Amino acid sequence: MSDNYRPIGVFDSGYGGLTIFKELLRELPQYDYIYLGDNARNPYGTRSFEVVYDYTRQAVFQLFEQGCRLVVLACNTASAKALRNIQQLDLPVTYPDRRVLGVIRPSVEMIPDLTKTGHVGVLGTKGTVLSESYPMEIAKISPDSPIYVTQVACPMWVPIVENNLIDSPGAAFFVKQNLDELFGKDPLIDTVILGCTHYPLLTNVIRQYLPENVHLLTQGTIVADRLKDYLFRYPEMELNCSKAGRREFFTTESTANFDQLANLFLGSEVKSRHIKLG
Ligand code: DGL
């Protein structure tokens, strides 16, 4: 590998990060990218803090080994459970000149401008919900006018996406069930954050059951905008990202399955390679 090849790494437990990746390619197509999906160990959402941290660190280090100077955790569960440790414990010791960014902070920064009622819903994995990352981050950005946050974990949504059951009656059943639960807990919610990068792949189903006039916040464009802003504010990092428009894909599971679904989700041909983590 040439030392001039310095792609931006994009990591998720599986296919969900492709919803972020798609927007990165749209907004910042000039950069080289490596997408890594840990499909073999998905879902992360039900795993402990220690396991998510361990798996995420393995993936980030692998992306660093492949030349990435900057990695985006396109996964809320990893952002909630591993980002802080990686930034504070691992990078200073092992890779002081590399950076890892998450998806939670950029998403919550939009909230105060969107909600009129001050009541917000967060849908995420069990891990993200239990970490309380969203309520904590929202409280930080709006200390003077409290925003009420109601969270619901949707444990079936990621397996539905990973198994390409998006248009099935089962998908409709579980989406309705979780949205009913959310609005049953707080009918004043006017803004819902899809706090898992897999969930935008269910947007059509979600819209069928979401009350009208409720904002649905997906993370792809927000993260792409924030990355653009980050690269503008840190020109030394921007110069460290190579720009030949090259894309590589790695999965820890079957490449044939990955290519088929990634192709469907991204709308362009994907040829992945297998990689083993851990
Ligand atoms: N896509 C991930 C997220 O944003 C994780 C899904 C999972 O592995 O449970 O949380």
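Remember, it's 1-based here, ligands and their atoms both numbered in the order they're listed. No experiment lies behind these values; they were computed from the predicted model shown.
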Would you say that Q58 contacts R41 through its side chain, given a criterion of any heavy-atom pair below 4.5 Å between the two side chains?
yes
Under 4.0 Å from a heavy atom of G45: which atoms of ligand 1 are those, numbered in the order shown and with their elements?
7 (C), 8 (O), 9 (O)
V103 and ligand 1 - part of the residue with a heavy-atom distance under 4.0 Å
neither
Is the shortest side-chain heavy-atom distance between L165 and F174 below 4.5 Å?
no
Please state which part of T77 comes within less than 4.0 Å of ligand 1, counting heavy atoms only: side chain, backbone, both or neither.
both
Can you confirm whether Y230 is buried at OH, in the sense that more than 12 heavy atoms of other residues, nucleotides or ligands lie under 6.0 Å from that atom?
yes
Atoms of ligand 1, numbered as shown, that sit under 4.0 Å from any heavy atom of S13:
5 (C), 6 (C), 7 (C), 8 (O)
Which ligand 1 atoms does P43 reach within 4.0 Å, using its non-hydrogen atoms?
7 (C), 8 (O), 9 (O)
Check each heavy atom of T125 against ligand 1 and say whether those closer than 4.0 Å belong to the side chain, the backbone, both or neither.
side chain
Look at atom 1 (N) of ligand 1 and say which protein heavy atom is nearest, naming residue and atom and giving the distance to 0.1 Å.
H198 ND1, 2.7 Å
Nearest neighbour of atom 3 (C) of ligand 1 from the list L201, V161, N76, on a heavy-atom basis
N76
Heavy atoms from other residues, nucleotides or ligands near CD of E236 exceed 12 (cutoff 6.0 Å):
yes
Checking side-chain contact (heavy atoms from CB on, under 4.5 Å) between Q219 and each of T221, L217, V223, which is the one that passes?
V223
When you look for heavy atoms under 4.0 Å from ligand 1, do you find them on the side chain of C75, its backbone, both, or neither?
both
Can you name the atoms of ligand 1, numbered from 1 with element, that are less than 4.0 Å from a heavy atom of D12?
1 (N), 2 (C)
More than 12 heavy atoms of other groups within 6.0 Å of E27 CD:
yes
Does atom CG (D167) have a neighbourhood of more than 12 heavy atoms from anything else shown, all under 6.0 Å?
no
